[in-house]
Amino acid sequence: MSEDVTDLTAEGGRGAVPTTGVEAGAGERKRRSWPLYEVFVRGKRGLNHVHVGSLHAADDEMALHNARDVYTRRNEGVSIWVVRADHITASSPAEKDPFFAPAGDKVYRHPTFYAIPEEVPHL
Amino acid sequence: MPDTDELAAGFEAEFERTIAADQRIEPRDWMPDAYRRTLIRQIAQHAHSEIIGMQPEGNWILRAPSLRRKAILLAKVQDEAGHGMYLYAAAETLGVDREELTEKLIDSKQKYSSIFNYPTLSYADIGVIGWLVDGAAICNQVPLCRCSYGPYARAMIRICKEESFHQRQGYELLLAMVNGTEAQRAMVQESVDRWWWPSLMMFGPPDADSPNTQQSMAWGIKRHTNDELRQRFVDMTVPQAAALGVTLPDPDLRWNPERQAHDYGEPDWEEFKAVLAGSGPTNAQRLAHRRRAHENGAWVREAAQAYADKQAARSRKEAAA
Ligand SMILES: [Fe+2]
Ligand SMILES: [Fe+2]
């Protein structure tokens, strides 16, 4: 162990691991590594598909099979979508305030905006 | 138009506000570089621990005494693989590549939990690992479900749901053994004697020797100190040991009515450091096995890629025709 590995934290979850003195990762994309897929699972009939995580696969069909094995080992799903991560278009977090501003000042879109006398039923 | 310094200060203030409000940081949010690097190290090494953690138990799948026990152990080990996958996926949201992390593990540039460098010498170890090692992992992992980094917290919620099965199957296995023959009871006690101290070490060194804990707690990554979690584990485990009729191998272990908690002895931290550094009984074997599995799988990865390339070329051709 190098001298600077002094701090260990239980937050490794499965047991203490060093939080200093080890490399983090440069973020270099390995040549030819399989593409990243985002996985969405419908828990049961009547519910929306919900994002559950991601995985790597060589193609769409393998992504579906891997998603089944990784995310539905206990009947967590009745339907799975896999989408290549680079096909997703997302709003930018940096501009989130201006982007959602059009909805921000339209309180009249909510039912609570309207004052109705207490005694009027079913409204 | 604000200059870049002003923008950076604004992002940092937003980050601090989010943490202070106990809300989650999400992947594309601005975050301090040190926060990002701390999380990458923790999540990656947590993932490595799950992956390496399959080996000591996987070792017993073929030797488990019945089809029922084989099926249970297989499912448990498969879950650990799944835990590794959830965590690698969470680490990737921070901008690292999974392949790169695998290489860092194989090249020993990142570590994994010291607990997996002890050998599984008897079948009772399978029960004791489920009970104590997964039990300690649960103590560590439950607070992580509220970690400030969203993808890590969500991965931990999935994992914690599955851990309960791991601990219960281990405990049930031990119950069956202690209700068996004298020789089986002795096997369980011998196994507890070997695993107790390494399990306590899973919580890391005493708080006084853990200088970065404060920063991790300020960032909402860590919620309790190493000693707090270790104490919780000891207090939970003592009555479970009594129900099994096994003795925890610590002469200093006793209830302290003033603290309303158990006092216990000090683990051998020199052993802990040595094992983490690589001189544990099975370090070399664990890494060699992982490296071999990765290398032996290379042709599968290449074949799948070649097939995907061929299919893609074919559909491009059809589209052009
Ligand atoms: Fe696990
Ligand atoms: Fe587990």
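Here is how names work: the chains are called A, B, and so on, in the same order as the sequence lines, proteins then strands, and each is numbered from 1.
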* Among the listed options B:E26, B:R154, B:M85, B:R158, the residue most often paired with chain A at heavy-atom distances under 4.5 Å -> B:R158

* Positions in residues 71-82 of chain A that reach chain B, provided some heavy atom is under 4.5 Å away -> A:Y71, A:R73, A:R74, A:E76

* **Atom pair CD (A:E61) and OH (B:Y307), whose distance is rounded to the nearest 0.5 Å** => 6.5 Å

* Asked: What's the spacing between A:L55 CG and B:E92 CD if we round to 0.5 Å?
  -> 9.5 Å

* Residue among B:S113, B:A89, B:A75, B:G53 with most heavy-atom pairs under 4.5 Å to chain A -> B:S113

* What part of B:V142 lies closer than 4.5 angstrom to a heavy atom of chain A: side chain, backbone, both or neither? -> neither

* Please state whether the side chain, the backbone, both or neither of B:R36 comes within less than 4.5 Å of a heavy atom of chain A. => neither

* Asked: Can you pull out the residues in residues 38-54 of chain A with any heavy atom less than 4.5 Å from chain B?
  -> A:V52, A:S54

* Can you say whether A:A90 sits under 4.5 Å from chain B via the side chain, the backbone, both, or neither, judging by heavy atoms? -> both

* What part of B:A44 lies closer than 4.5 angstrom to a heavy atom of chain A: side chain, backbone, both or neither? -> neither

* Region of B:E228 that comes under 4.5 Å of a non-hydrogen atom in chain A -> neither

* Structure fact -> One should read off an interatomic distance between A:E23 CD and B:E103 CD, to the nearest 0.5 angstrom, of 11.5 Å

* Is the count of non-hydrogen atoms from other residues, nucleotides or ligands lying under 6.0 Å from B:K310 atom NZ greater than 12? -> no

* Could you verify whether a donor N or O on one side chain and an acceptor N or O on the other, from A:H56 and B:E99, lie under 3.5 Å apart? => no

* In terms of heavy-atom pairs under 4.5 Å with chain A, which of B:I159, B:D134, B:T93, B:L87 leads? -> B:D134

* **B:R28 side chain vs A:S91 backbone, donor-acceptor pair below 3.5 Å** => yes

* Name the member of B:R301, B:Q311, B:K161 that forms the most heavy-atom pairs with chain A at distances under 4.5 Å. => B:R301

* Taking all non-hydrogen atoms of both residues, which atom of A:V17 and which atom of B:Y112 are closest, and how far apart? -> CG1-C, 3.9 Å

* **Nearest heavy-atom neighbours spanning B:A308 and A:D59** => CB-CB, 4.1 Å

* **Distance-minimising heavy-atom pair for A:W34 and B:A304** => CZ2-CB, 3.7 Å

* Asked: Which pair of non-hydrogen atoms, one from A:S33 and one from B:D97, has the smallest distance, and what is that distance?
  -> OG-OD1, 3.8 Å

* Asked: Relative to chain A, which of B:R230, B:Q110, B:H83 shows the most heavy atom pairs under 4.5 Å?
  -> B:Q110

* Nearest non-hydrogen partners of B:R41 and A:V22, listed with the distance -> NE-O, 2.7 Å

* Asked: When heavy-atom pairs shorter than 4.5 Å are enumerated against chain A, which of B:M201, B:E162, B:R37 gives the highest number?
  -> B:E162

